[in-house]
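To keep things clear, I will list the structure first and then write my remarks on it.
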Amino acid sequence: MSAAKHKKFVYGIFNDDDVVMHAIPALRSKGLRVKDVISPFPIHGLDDALGLERTRISITCFLYGMTGCSLALLMMYYMNIFDWPMDIGGKPSFAFYKNLPAFIPVTFESTVLCAAHGMVITFFLRSKLLPGVEPHVIHPRMADDHFVMAVQIDNDSEAANVEAQLRAAGAIETKK
Amino acid sequence: MGHHGHIEVTSTQPYNFSSRNRMIAMVMMVIGLVAIIAQFATHHEQTWANLLWNNFIFMGMALGATFFLAVQYVAEVGWSAVIKRPLEAMGQSLPVAGVIMILIIALGGKHLYHWMDGGITDPNAANYDEIIAGKSAYLNPVFFWVRVVLYFAIWTYFARLFRANSLRMDAGEGTPAYIKNRRYAAAFLVLFAITESTMSWDFIMSIETHWYSTLFGWYTFSGFFVTSLAALAFIVTYLKHKGYLPEVSEHHLHDIGKFMFAFSIFWTYLWFAQFMLIWYSNIPEEVTYFMLRQDHYRGIWLAAFFINFIAPFIILMSRDAKRKKYLVMFMSAIIFIGHWLDFYIMVVPGSMVIAGHHAAAHAAEGAAHGGQIFGSIGLMEIGTTIGFIGLFAYITQHFLSKSPLVVKNHPMMEESLHHAI
Amino acid sequence: MHKESELRPPLILGDKTWHDITEDVCRPVESKANKWWWLAFSVSLAAFLWWVIAVSYTVGTGLGVWGLNKTVGWAWDITNFVWWVGIGHAGTLISAILLLFRQKWRLSINRSAEAMTIFAVICAASFIVSHMGRPWVAYWPLPLPNQFGSLWVNFNSPLVWDVFAISTYFSVSLVFWYSGLIPDFAVIRDRATTKWRKRIYTILSFGWVGTAKNWQRFEEVSLVLAGLSTPLVLSVHSVVSMDFATSVVPGWHTTIFPPYFVAGAIFSGFAMVQTLLIIVRKVLTLEDYITIYHIDMMNRIILITGSIVGVAYLTEFFIAWYSGVEYEQYAFINRATGPYWWAYWSMMTCNVITPQLFWSKKLRESVFATFIISIFVNIGMWFERFVIIVTSLHRDYLPSSWTMYSPTWVEAGIFIGSLGLFFTCFLLFARVFPVIAMSELKTIVKSSSEGAKKKQSQTAKQETHA
């Protein structure tokens, strides 16, 4: 919601997720621009109701994993086969494919390491979650048990109508 | 979204086992019989191994399904209520597999198992083998046959019991019959944990009697369990293709696909654990097992590994793939082929070594190639497998046609019908 | 709203609202510690001090202060390392594998179980570092260039695999845990009444706001992390087992080790979760969230994994005989009847027999019995590692080198101290972090709480009357 500073919103505060889920299509059919819902917990089906696209974060995870897998194999090939082959414990396997069974555990761990951390870092950056970020707290109980519906407006004259509609749809309180 | 409507079970009718399908299954069985007889008449060395290999898969699909069914009860699973009838029907092949297994080993045991060679535990015999003699407290005919009969008696008893209680749910006593099955399932799982390991040692590991691996029982389990999941996926998608089971949604397919994916990875994990530890330690008495396969069966050995790991890993990873009916059906066939090859690698090479010994002892041309003969996969093997698939298809369809395709009055049905992920 | 089967008991007792959950979970964070907490904390800290003394003495004097000798080069240190890593596995099982299996009862316990994972892995790592003898060169197992003093590490060595496995496991578990904590930190932040609390939890919560997109990503990340953590947790104890199983030592080299170690790890981890949570639910008055049903479910897992471990013991013993290998056979006979018979039979009794008591529903639902049996399992799993390591090493191929091992006060000190470290961390966690994943728990209030279930059955009754 980085653009929130420039755009104008009216917020409806709700205290039930089912009411919110019913209100979204009802308000949209009346022409209200319901942009977002802030909830204290994930609501099943909310992303579909708001028309959000599916997140592609798991695809990035796959790519990070592939990177980790390749890097690990390359590293072990370079260190133990190419640069400094070693004959330890009666295993003079100076060819990559002959050593491969022993390289699998590190390859696997490296794949998971890169996939997991890469994905979480991407999640933090895309969602602007970092230590020191000041949250935009619209309602003090929006992380506790209240739901905030954000309806976009173009000018303040619309606000009164939108607030009335939000209340009619079940909002217990409205805010600009 | 909030409240879903009330969904009713619509599959109140049994499956219609059409005369066309009956015909197809019977033709497949005839093909199998012809292939077995033709092979026995010409190159009989591999026939017994082929029978053991294919019957083990046939048995494994039924046993794996019964195990999966028992887990559904013990873990109080909700989503799977709508697919219990196919699982119950799959398990009904167990007595047939048992009879065939007993016939195979009674008639051809000495061509399959090193320890069944006459005189091998007799210190005065020419072919006396000290190591095998040391195992004779476990590997002796009397104890062996007692075990084999017990396995099939126990498994068949439970497979029929689960089905009988499930039919009782149809008749009206939903929750009490469910709770009975839950209790029986717990008992079955305890017995399964023991019989599964010993059965793997008896039927497969003792072929190469000298060789041993503590993981072998669990490894065998992972193989036939994935095969039975693939068979389940095939049966469910086939029934949907025919317009049955409207209750099974893409969410259920997703879950079946997840199980195929996860247990393919699990199989790979155990494959790697067993192979790598033996490869790494390189102890002569253990490593011979893999040397034989690596030197003479490399193509099939590697193909089994790659088909069973890479194919499901790449293709079934995405969420969408697991929700597409025909892709799930296709993958079930791929996984079946992969494990068909893997069980070949587990059964045939060892048996062929014994066949080689026999050929060397009995025939002059056998001695010419040092008693070494190797198995192969050709038309006869494929024919044998077609026969076993026909048998499995016949029995499963027969039982699907005997009761409604979805259990009535199942206490988890509401959850299963509303299943959404 | 998805209707649950009537067979499912409630997961939250009482008619709780979302706000009640917030209040109950935030209370320990927002109030002052009572004297019981301070007492437990002081004891743990004192034990931890012993750890500091014993480790300092080891590092300052050398590994000679331990009871290791010419053939028993691993004993107490690696026993404890494996024990602690194993304990950690239950946390990942609860947060990852139970998530994949959609087990809702995990929601009340996953946070503290994951915390336990993190602290257990820290304790495990402390044994690895201290057994190195020269901890200042602890970076040698890392893949650093030859110029750093050692050669390239040998990637054929299971010990190097372990370095990768443990560090991946630790860091991924930490991130999984932390990303789940972020929305809960935001709850505490928005409720904060003091300036410092507000400031600290603002930083900890990374500026979280529960927008639809954030939640969508959050759920996807949790699911994928669970998918990654599941094979990861299997790999970690498998790699630990390979430290033994790749060798040619009788009793160590056995192919069943990887899955059997994993089952044992989950078994011991759940026992530790029980030990901890039975205390936590009482001290923090969370009985409505960590109910008897939760305890019952965990006991079932203890029963299952304990039985798997039992099957593995019998398999190992049987195959040792079946193999016909003299050394293999002796290793097992020596375990059961040799000088360490008491360790072997402690292991057998605690790990194979005691969990079988959980076939009784009465015992599964008894808090007292669960607590006692969980302690037995913890002890049994400690002995399992001791038996595997010490009995295989003290009598190997060369009878002239046969010897015995017994620990010194220094080793005992490090073990007791590591318990102190573990409990110190856990007690701090229980005071400053939300011990229940409240944001996620709120998703099941309408379907699985006692109040909701009552309403459901009332409407069902009305429907039948109408």
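Note that the coordinates shown come from a computational prediction; the quantities given were computed from them, not determined experimentally.
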If you count heavy-atom pairs under 4.5 Å with chain A, which of N154(C), D184(C), V187(C) comes out on top? N154(C)
Measure the shortest side-chain to side-chain distance between F155(C) and M75(A) over non-hydrogen atoms and say whether it is less than 4.5 angstrom. yes
Which of residues 168-176 of chain A get closer than 4.5 angstrom to chain C, counting heavy atoms alone? none
Which pair of heavy atoms, one from S127(A) and one from R217(C), lies closest together, and at what distance? OG-NH1, 2.9 Å
Hey, are the side chains of T443(C) and P42(A) touching, using non-hydrogen atoms and a 4.5 Å cut-off? yes
V37(A), part contacting chain C, at a heavy-atom distance under 4.5 Å: backbone
Rounded to the nearest 0.5 Å, what's the gap from NE2 on H146(A) to CG on D190(C)? Could you check? 12.5 Å
Give, for atom OG1 of T107(A) and atom CZ of F164(C), the distance between the pair rounded to the nearest 0.5 Å. 9.5 Å
How about T22(C) and R141(A): do any of their side-chain heavy atoms sit closer than 4.5 Å? no
Pick one of side chain, backbone, both or neither for P231(C), based on which atoms fall under 4.5 Å of a heavy atom in chain A. both
Can you find a heavy atom in the side chain of L46(A) that is under 4.5 Å from one in the side chain of W215(C)? no
Which residues, numbered in order, of residues 199-209 of chain C come under 4.5 angstrom of chain A by heavy-atom distance? T202(C), I203(C), F206(C), G207(C), W208(C), V209(C)
I'd like to verify something: which residue of P140(A), P40(A), P135(A) has the highest number of heavy-atom pairs under 4.5 Å with chain C? P135(A)
Between L232(C) and E109(A), is any pair of side-chain heavy atoms under 4.5 Å apart? yes
For the candidates V133(A), L129(A), V137(A), which exhibits the highest count of non-hydrogen atom pairs separated by less than 4.5 Å from chain C? L129(A)
Could you tell me if the side chain of I182(C) sits less than 4.5 Å from the side chain of F124(A), heavy atoms only? yes
Which portion of M76(A) sits near chain C, non-hydrogen atoms under 4.5 angstrom: both
So, N80(A) side chain and V153(C) main chain: donor-acceptor pair closer than 3.5 Å or not? yes
Determine the option with the most heavy-atom pairs under 4.5 angstrom with chain C, choosing from I43(A), T122(A), L113(A). L113(A)
Please classify the contact of Q216(C) with chain A as side chain, backbone, both or neither, using a heavy-atom distance under 4.5 Å. both
With a 4.5 Å cut-off on heavy-atom pairs, point out which of N214(C), V160(C), L223(C) contacts chain A the most. N214(C)
Between E440(C), R189(C), M438(C), R191(C), which residue shows the highest count of heavy-atom pairs closer than 4.5 Å to chain A? R189(C)
If one checks every heavy atom of D144(A) against chain C at 4.5 Å, the contacting part turns out to be both
The interface call for P105(A) against chain C, heavy-atom contacts under 4.5 Å, is side chain
Under a 4.5 Å heavy-atom cut-off, does chain A meet the side chain of V239(C), its backbone, both or neither? side chain
For N156(C) and A102(A), which heavy atoms make the closest approach, and how far apart are they? OD1-CB, 3.3 Å
Any F123(A) side-chain heavy atom under 4.5 Å of F218(C) side chain: yes
Spell out the residues in residues 155-166 of chain A that have some non-hydrogen atom less than 4.5 Å away from a non-hydrogen atom of chain C, in order of number; otherwise answer 'none'. none
CZ of F96(A): more than 12 outside heavy atoms within 6.0 angstrom? yes
I need the contact set between residues 50-71 of chain A and chain C: heavy-atom distance under 4.5 Å, sorted by residue number. L50(A), L52(A), E53(A), R54(A), T55(A), I57(A), S58(A), C61(A)
Roughly how far apart are S447(C) OG and H44(A) NE2, rounded to 0.5 Å? 11.5 Å
Please give me the minimum heavy-atom distance between V221(C) and M119(A), naming the atom from each residue. O-CE, 3.8 Å
Can you give me the closest heavy-atom contact between A116(A) and V172(C), atom names plus distance? CB-CG2, 3.7 Å
Hey, which of E220(C), M242(C), E23(C) has the most heavy atom pairs under 4.5 Å with chain A? E220(C)
Side chains of H19(C) and N15(A): does their closest heavy-atom pair fall under 4.5 Å? no
Take atom OH of Y397(C) as the centre, draw a 6.0 Å sphere, and report whether it contains more than 12 heavy atoms from other residues, nucleotides or ligands. yes
Assess whether atom CZ of R126(A) is packed by more than 12 heavy atoms of other residues, nucleotides or ligands within 6.0 Å. no
List the atom of S171(C), the atom of H117(A), and the distance in Å for their closest heavy-atom pair. OG-NE2, 2.8 Å
All heavy atoms of K442(C) vs all of A143(A), minimum pair found to be NZ-O, 3.6 Å
